[in-house]
Amino acid sequence: MKVLKFGGTSVGSAERMHALVDLVVNMEAKIVVLSAMSGTTNALVEIADKLYSKDTAQANELISKLEEKYVVEVKRLYKTEAALQKGLNLIRYHFDYLRAFTLDMFTANEEKAVLAQGELLSTAMFHYYLSEINVESVLLPALNFMRIDENDEPDLEYIERHITEELNKYPGTSLFITQGYICRNSFGEIDNLKRGGSDYTASLIGAAIYAPEVQIWTDIDGMHNNDPRVVDKTHPIHELTFDEAAELAYFGAKILHPTCILPAQKRNIPVKLLNTMQPEAKGTTISDKASGSGIKAVAAKDGITAINIKSGRMLLAHGFLRSVFEIFERYKTPIDMITTSEVAVSLTIDNSKYLQEICKELEEFSDVTVDQNQTIICIVGDFGSETKGCALKVLEAMKTIPIRMISYGGSPFNVSLLVKGELKKASLVALNKGLFNY
Ligand code: ADP
Ligand code: ASP
Ligand code: MG
């Protein structure tokens with residue numbers, strides 16, 4: 001069975017849901033993973049914020065505003081009175097559930113339950129619509145099989161066992177619908193796979209059922225060579241390797257959740273990125289096949305903190321890096337980029353939750369300086385077969401922009417640069433010109 005994921009804009013209105021039918025209803029058996037309708041998760045985040053701060057009036061107002069939007073869509077989604085009533089009851093149920101939180105205490109657990117409502121709504125609405133037009137489908141509750149462990153990592157073994165159990169309940173069924181993004185944690189509470197996590201759900205399900213293909217349907221015709229939100233001219237890249245796509249996703253290409261390529265890669269399942277507004281477009285195929293050489297794309301990741309650690313002890317000292325890394329490990333803080341010189345090491349982190357604690361420990365044996373609001377610019381391609389000149393092209397393109405760090409050679413498919421956050425746009429524009437002639 002293939003796995004098809006449709007993002008927020010692809011289910012963002014009654015019209016979009018009507019249009020989905022042509023893409024999902026055919027002879028092929030499939031699992032369809034849906035996101036919340038676009039804007040919903042952002043609205044739920046805002047509602048949760050108000051509930052946290054006990055701003056009940058504002059929370060109620062936001063809940064009613066979102067509910068009105070859903071009522072409008074539901075009225076346009078269904079034609080028969082029976083389906084409309086079912087849809088309106090569904091909405092009432094979920095919005096009454098949200099309103100109940102204004103009367104009760106609100107903690108991180110309740111917040112996760114609030115954030116889950118978007119995907120629960122969109123999947124049930126679409127499932128009811130299929131039933132209204134006499135298309136048979138089964139709604140699989142993701143909360144019955146999607147699970148993260150105590151480190152917040154997906155538990156693939158658990159997912160595999162439980163989704164198989166669920167699927168086996170419905171022999172002969174060829175169309176399953178399920179929620180992206182939502183899951184349970186190791187305590188069995190409702191949780192999620194972080195923002196943009198529906199892509200991750202699709203890849204995890206693909207891996208769990210050994211799917212022949214995972215398709216990520218969105219609002220653009222595949223992975224582009226540069227961030228279309230930042231630069232004017234970009235083009236789609238038709239083929240990427242898993243490694244290249246994983247780098248781009250991790251370093252800011254929003255079209256893919258940062259870690260969603262890994263489960264598919266683990267089981268060598270091709271991932272296609274396709275456009276719901278233009279289904280005939282070729283999109284991007286991500287697989288293990290080598291696909292051309294040279295520089296293919298750039299992406300940028302904001303909100304990075306750079307830490308410079310300088311120590312006399314580094315000179316000729318073995319074990320220095322180990323003592324540095326141990327500190328980051330203790331605070332469960334991953335390091336993204338690292339560069340070294342004889343007397344100092346610079347590294348970057350994305351999660352600065354424990355920055356103070358980490359710096360305090362580093363200061364016990366070194367001088368530490370911190371630069372916040374940095375951006376990693378990641379340039380991806382196959383540099384192995386065209387080693388000559390790639391770095392030069394990148395640096396030539398960036399010649400007017402000050403670079404804080406350069407990381408090259410960690411893998412044959414990535415060069416990363418660190419620049420000040422305010423230089424992100426200038427960097428992406430310069431690279432678009434220098435590397436892609438735009
Ligand atoms: P969905 O709601 O379908 O998950 P997203 O908004 O998460 O869609 O991802 C699609 C968006 O990603 C595109 O509209 C585009 O603006 C943005 N994006 C950022 N970088 C890239 C890139 N390199 N290629 C394609 N899209 C990108
Ligand atoms: N609805 C979730 C979000 O907006 C998950 C997703 O769309 O992938 O982050
Ligand atoms: Mg997304």
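Counting convention: from 1, in listed order, for ligands and their atoms alike.
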*Tell me, please: is Gly222 in heavy-atom contact with ligand 1, that is, under 4.0 Å?*
yes
*At what distance is the nearest protein heavy atom to atom 2 (O) of ligand 1, and which residue and atom is it?*
Gly8 N, 3.1 Å
_Under 4.0 Å to a heavy atom of Glu119 - the qualifying atoms of ligand 2, by number_ = 1 (N), 2 (C), 5 (C)
*Considering only heavy atoms of Thr41, which atoms of ligand 2 have at least one such atom less than 4.0 Å away?*
1 (N), 2 (C), 3 (C), 4 (O)
_Taking atom 6 (C) of ligand 2 as the reference point, the nearest protein heavy atom with its distance_ = Ser198 OG, 3.3 Å
_Restricting to non-hydrogen atoms, name the atom on Ile349 and the atom on Ile307 that form the minimum distance, rounded to 0.1 Å._
CD1-CD1, 4.0 Å
*asked:* So if I apply the side chain to side chain donor-acceptor pair (under 3.5 Å) rule between Lys424 and each of Thr375, Asp302, Asp227, which one comes out positive?
replied: Asp302
*For ligand 1, the portion of Met223 having any non-hydrogen atom under 4.0 Å away*: both
*Out of curiosity, is Leu273 lining ligand 1, as in a heavy atom under 4.0 Å away?*
no
_Per-atom contacts of ligand 2 with Ser35, taking only distances under 4.0 Å to non-hydrogen atoms_ = 6 (C), 7 (O), 8 (O)
*Looking just at side-chain N and O atoms, do Arg195 and Asn42 make a donor-acceptor pair shorter than 3.5 Å?*
yes
*Protein contact of atom 9 (O) of ligand 1 - nearest heavy atom, named by residue and atom, plus distance*: Ile255 CA, 3.5 Å
*Near Gly7, which atoms of ligand 1 are under 4.0 Å from a heavy atom of that residue?*
1 (P), 2 (O), 3 (O)
*Charged N to carboxylate O below 4.0 Å: is that the case for Glu160 and Arg267?*
yes
_Within this structure, what is the CH2-NZ distance for the pair Trp217 and Lys5, rounded to the nearest 0.5 Å?_
12.5 Å
*Is Gly180 in contact with ligand 2, taking contact as a heavy-atom separation below 4.0 Å?*
no
_With a 4.0 Å cut-off on N to O distance, would you call Glu244 and Lys296 a salt bridge?_
yes
*Please state which protein non-hydrogen atom is closest to atom 24 (N) of ligand 1 and give its distance, to 0.1 Å?*
His224 N, 2.8 Å
*Those atoms of ligand 1 less than 4.0 Å from some heavy atom in Ile220*: 13 (C), 25 (C), 26 (N)
*Determine, for Glu61 against Lys65, whether the closest basic-nitrogen to carboxylate-oxygen distance falls under 4.0 angstrom.*
no
*Would you call Glu396-Lys399 a salt bridge at under 4.0 Å N-O?*
yes
*Taking His257 for its side chain and Thr259 for its backbone only, find out whether a donor-acceptor pair lies under 3.5 Å.*
yes
_Would you say Asp221 and Gln278 are linked by a side-chain donor-acceptor pair, where the criterion is simply a distance under 3.5 Å?_
no
*Looking at atom 4 (O) of ligand 1, what's its closest protein heavy atom, distance included?*
Lys5 NZ, 3.0 Å
_Electrostatic pair Arg76:Glu15 at N-O distance under 4.0 angstrom_ = yes
*Do Glu165 and Asn144 meet the criterion of a side-chain donor-acceptor pair at a distance under 3.5 Å?*
no
*asked:* Tell me if the CD atom of Gln356 is crowded by more than 12 foreign heavy atoms within 6.0 Å.
replied: no
*Answer yes or no: does an N/O atom from Gly8 fall short of 3.5 Å to an N/O atom of ligand 2?*
no
*Determine, using heavy atoms of His257 and all atoms of ligand 1, whether some pair is separated by less than 4.0 Å.*
no
*Among all protein heavy atoms, pick the one closest to atom 8 (O) of ligand 1 and tell me residue, atom and distance.*
Thr218 OG1, 3.1 Å
*How far is atom 11 (C) of ligand 1 from its nearest protein heavy atom, and which residue and atom name does that atom have?*
Asp219 OD1, 3.9 Å
*How close does the nearest protein non-hydrogen atom get to atom 5 (P) of ligand 1, and which residue and atom is it?*
Lys254 NZ, 3.7 Å
*Short list, please: which atoms of ligand 1 are under 4.0 Å from a heavy atom of Arg229?*
16 (O), 19 (C)
*Enumerate the atoms of ligand 1 whose separation from the nearest heavy atom of Asn226 is less than 4.0 angstrom.*
22 (C), 23 (N)
*Identify, for atom 3 (C) of ligand 2, the protein heavy atom at the shortest distance, and state residue, atom and that distance.*
Arg195 NE, 3.3 Å
*Say whether Gly197 and ligand 2 are in contact under the criterion: heavy-atom distance to a ligand atom below 4.0 Å.*
yes
*Would one find an N or O of Lys5, backbone or side chain, under 3.5 Å from an N or O of ligand 2?*
no
_Can you confirm whether or not the ring centre of His94 sits under 6.0 Å from the ring centre of Tyr70?_
no
*Taking Ser407 for its side chain and Ser416 for its backbone only, find out whether a donor-acceptor pair lies under 3.5 Å.*
no
*asked:* Considering non-hydrogen atoms of the protein only, which is the closest contact for atom 15 (C) of ligand 1, and what is the distance?
replied: Pro228 CG, 3.9 Å
